[in-house]
There are 2 protein chains.
Amino acid sequence: MSERRRATIQDVADRAGVSKMTVSRVLNDDPKVSDKTRQKVQQIANELNYRPNVSARRLASSKSYFIGLLYDNPSEGYISQFLLGALKSCRAKGYHLVVDEASGESEQQLQITRSLIEETRVDGVILLPPVCDQPEVIEVLKESGVPFIRVAPDTQLDCSPYVCMDDYQAAFEMTQLLINKGHTEIGFIIGNPNQGASRLRYQGYMDALRSNKLAIVPETIEQGYFTYKSGLSAAEKILTSSKRPTAVFASNDDMAAATISVANRLQIKVPDELSVVGYDDTHIAQALWPPLTTVRQPIAEMANRAVELLSSGQVSKERKPKASEYRQVLDFELKSRDSVISPT
Amino acid sequence: MSERRRATIQDVADRAGVSKMTVSRVLNDDPKVSDKTRQKVQQIANELNYRPNVSARRLASSKSYFIGLLYDNPSEGYISQFLLGALKSCRAKGYHLVVDEASGESEQQLQITRSLIEETRVDGVILLPPVCDQPEVIEVLKESGVPFIRVAPDTQLDCSPYVCMDDYQAAFEMTQLLINKGHTEIGFIIGNPNQGASRLRYQGYMDALRSNKLAIVPETIEQGYFTYKSGLSAAEKILTSSKRPTAVFASNDDMAAATISVANRLQIKVPDELSVVGYDDTHIAQALWPPLTTVRQPIAEMANRAVELLSSGQVSKERKPKASEYRQVLDFELKSRDSVISPT
DNA sequence: CTGAAAGCGCTTACAG
DNA sequence: CTGAAAGCGCTTACAG
């Protein structure tokens with residue numbers, strides 16, 4: 001239990017025979033320090049096992065080295081992937097992530113957002129869907145001047161930089177994949193209408209049907225809300241309707257899992273009698289049986305980009321980002337697994 | 001984009017006609033302030049929308065208001081549940097959680113631990129299994145004097161307070177549940193040997209068999225590592241052995257999911273021909289078909305307790321915790337769902 | 001019950 | 001290339 005005081009910048013300066021200022025410069029890679037001095041300081045710092053005090057640094061400089069993350073999303077798989085990605089990315093850049101659930105009433109969301117800005121004094125904020133489209137939250141952020149990045153936003157696309165993927169195109173291609181396998185009756189479970197991605201996926205599905213001149217059958221299209229439970233009732237309606245399709249495309253993996261579950265209960269064999277596909281490629285996609293054909297969203301990569309934009313100073317109070325930095329569209333990937341076969 | 005300076009303690013003091021000290025006292029609920037003064041200060045603070053600067057507070061006081069969380073665990077469901085619980089709990093107590101993955105070589109783990117102590121200067125650390133049993137990590141923590149709480153530790157039980165559940169008892173009861181249903185041939189997939197919980201669960205299973213005078217069949221017991229993939233090969237061996245059991249108890253949900261998947265592939269109907277049970281009650285337990293009978297671990301509650309112990313000062317550098325606070329055993333629950341029926 | 005002083009460990013802005 | 005001074009916004013310890 002040795003309890004020796006930790007070395008401070010002053011200790012290093014004294015031992016190296018220089019001023020605190022010079023030590024600070026070495027620490028921050030300021031180029032205008034002679035190599036000789038730099039080496040000496042670095043050596044002493046090592047010997048003393050010196051670590052700068054983050055709070056002191058925060059207080060003295062204008063930066064807080066905090067990045068806020070606001071979520072409000074029912075899919076645990078999605079959040080945990082994003083969280084882990086962002087956490088890793090922050091650490092690598094000397095930042096800390098402050099995570100808050102911005103759920104509940106709009107007034108409550110506002111309070112949480114304000115606390116992030118005023119108490120934690122974050123250098124930037126990342127907004128996940130659907131909170132990224134809350135006008136009031138955006139307004140508060142804009143007023144405060146704190147830079148923010150949104151993930152897959154749906155509205156006010158010019159109010160902040162954002163990262164996203166092409167949901168329309170992915171849904172189109174996934175539907176096309178089913179059609180290529182020979183499916184002509186394809187059901188669809190729509191995602192929560194509070195997210196733009198839901199609409200885009202739905203449109204991609206519809207347009208793929210249309211461009212293949214396939215009929216759109218309302219009985220096989222149901223509203224879901226991205227939760228497993230909502231998937232259960234949506235799938236039940238689709239699979240017990242008089243026009244039962246040979247394939248179902250669910251707007252996320254959780255609802256696809258629910259669809260498989262309902263099919264099993266109804267003694268409909270997956271994939272033999274029903275192909276099922278999902279969206280996200282979260283953890284459960286590979287834990288289901290059969291393993292789920294799904295769209296891989298680059299979730300961790302999105303987190304990484306968002307943190308990078310904020311920490312690198314590419315986006316900051318002072319600097320408006322360049323147009324090319326404004327909208328980052330990341331690649332998706334169709335993951336073909338065993339939940340799809342040709343209809344018999 | 002209004003960019004007015006944020007109010008400081010000085011501003012509040014000036015406007016209230018008192019010293020900074022008094023404002024500080026009001027803010028920290030110091031009882032020796034007159035009601036009149038207190039009210040006045042509070043009112044002015046509200047008017048000015050004053051928020052204390054966390055970094056300044058950290059620097060001036062001896063506390064950092066940071067709690068570190070070290071994990072090194074392959075089960076995404078487990079981590080994300082713990083993480084979300086801890087995050088919520090920290091926020092409620094004015095702390096921030098600093099999360100690090102302590103994976104890789106032992107040397108690397110040490111470096112991460114040291115950085116948490118020396119750079120972030122956490123007030124306390126939470127250690128998840130299996131990193132909670134790394135002797136070197138524990139050693140560094142003890143030397144530093146930083147209090148730490150471990151979750152489900154296996155070794156050196158007297159070196160820190162810990163939260164856990166009764167893994168032995170839970171596994172015993174779950175096995176008994178299967179036996180009560182009429183199963184006499186019950187396979188088992190062991191968890192990663194780097195965690196004490198694996199051994200306890202295994203023992204609980206064995207003892208339940210023994211106390212019911214059931215034979216222990218080595219061909220139906222396989223080693224797994226808590227990953228879905230390891231569950232796949234373990235289940236394959238058990239289900240293709242000449243002594244195929246009528247039920248399989250997997251040491252976590254991911255491996256149970258893998259067992260169901262293998263059974264499906266081998267045309268073994270679950271639960272009709274094979275009952276399957278898991279452990280943890282993570283997200284996927286209810287997303288599988290059939291919904292998984294499993295042991296609910298109070299993961300979020302464990303997180304909450306751990307944060308509470310650290311933030312409340314019940315455990316700190318100065319104060320050794322009382323014996324009753326040292327070991328907190330939380331309740332588990334058997335979740336009966338549809339993956340178990342009586343054998344035919 | 002209240003306050004003046006000193007200091008936490010850094011960085012910014014200014015000199016030289 | 002280097003340093004002395006001032007200050008970031010709080011709290012601790014001491015007086016009264």
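All values below were derived from every heavy atom in this structure, side-chain atoms included, with hydrogens, water molecules and symmetry-related copies excluded. Chain naming here is simple, since letters A, B, ... match the order of the sequence lines and numbering starts at 1 in each.
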Contacts under 3.5 Å, N or O only, protein and nucleotides 1-3 of chain D:
| from | atom 1 | to | atom 2 | distance (Å) |
| --- | --- | --- | --- | --- |
| D:dT2 | OP1 | A:S34 | OG | 3.2 |
| D:dT2 | OP1 | A:T37 | OG1 | 2.5 |
| D:dT2 | OP2 | A:S34 | N | 3.0 |
| D:dG3 | OP2 | A:S19 | N | 3.1 |
| D:dG3 | OP2 | A:S19 | OG | 3.3 |
| D:dG3 | OP2 | A:T22 | OG1 | 2.6 |
| D:dG3 | N7 | A:R25 | NH1 | 3.2 |
| D:dG3 | O6 | A:R25 | NH2 | 2.4 |

Check: For DNA chain D, which ranges pair as stems of 3 or more consecutive Watson-Crick or G-U pairs, with both donor-acceptor distances under 3.5 Å?
Finding: C:1-3 with D:14-16, C:5-12 with D:5-12, C:14-16 with D:1-3
Item checked: Between P of D:dG7 and CG of A:L59, the distance in whole Å -> 14 Å
Listing, residues 149-162 of chain A side-chain donor-acceptor contacts under 3.5 Å, not counting sequence neighbours, or none:
| from | atom 1 | to | atom 2 | distance (Å) |
| --- | --- | --- | --- | --- |
| A:R150 | NE | A:S160 | OG | 3.0 |
| A:R150 | NH1 | A:C132 | O | 3.0 |
| A:R150 | NH1 | A:T155 | O | 3.1 |
| A:R150 | NH2 | A:T155 | O | 3.3 |
| A:R150 | NH2 | A:Q156 | O | 2.7 |
| A:D154 | OD1 | A:R199 | NH1 | 3.4 |
| A:D154 | OD1 | A:R199 | NH2 | 3.0 |
| A:D154 | OD2 | A:R199 | NH1 | 3.1 |
| A:T155 | OG1 | A:D133 | OD1 | 3.0 |
| A:Y162 | OH | A:R327 | NE | 2.8 |

Checklist line | Between D:dG9 (P) and B:L48 (CG): distance, integer Å | finding: 14 Å
Note to self: Check whether A:R305 reaches the backbone of A:C164 with its side chain - one donor and one acceptor, N or O, closer than 3.5 Å.
What the structure shows: no
Notebook entry, point to check: Would you say A:D100's side chain and A:A102's backbone share a donor-acceptor pair under 3.5 angstrom?
Noted result: no
Margin query: Rounding to an integer number of Å, can you tell me how far A:I9 CD1 sits from C:dT12 P?
Written below: 11 Å
Check: Taking atom C1' of D:dC10 as reference, at what distance in whole Å does atom CZ of A:R58 sit?
Finding: 15 Å
Item checked: Whether over 12 other heavy atoms sit under 6.0 Å from A:Q111 CD -> no
Note to self: My understanding is that only residues two or more places apart in sequence, or in another chain, count here; which of them pass side-chain hydrogen bond (donor to acceptor under 3.5 Å, both in side chains) with A:Q43?
What the structure shows: A:E47
Check: Does NZ or CZ of A:R15 come closer than 6.0 Å to the centre of the six-membered ring of A:Y50, within 45° of the ring's axis?
Finding: no
Item checked: Short side-chain N/O contact to C:dC10 OP1/OP2 from A:S24, under 4.0 Å -> no
Item checked: Closest nucleotide among C:dG9, C:dT11, D:dC10 to the A:R57 side chain -> C:dT11
Margin query: Is the phosphate of C:dC10 approached by A:Y50 (side-chain N or O, under 4.0 Å from OP1 or OP2)?
Written below: yes
Notebook entry, point to check: Between C:dC10 atom P and A:D30 atom CG, what is the distance in whole Å?
Noted result: 17 Å
Next item on the list: Go through the structure and list residues passing side-chain contact (heavy atoms from CB on, under 4.5 Å) with A:Q297, not counting sequence neighbours.
Entry: A:Y78, A:M165, A:R201, A:Y279, A:D280, A:I299, A:M302
Item checked: Pair A:N304-A:S89, side-chain hydrogen bond (donor to acceptor under 3.5 Å, both in side chains): steps then yes or no -> CA-CA 6 Å; A:N304 187 40; A:S89 197; 2.7 Å; yes
Check: In whole angstrom, what separates A:N53's CG from D:dG9's C1'?
Finding: 14 Å
Item checked: Rounded distance (Å) that lies between atom P of C:dG9 and atom CG of A:N28 -> 17 Å
Item checked: Contacts of B:D14 that satisfy side-chain contact (heavy atoms from CB on, under 4.5 Å) - sequence neighbours left out -> B:Q10
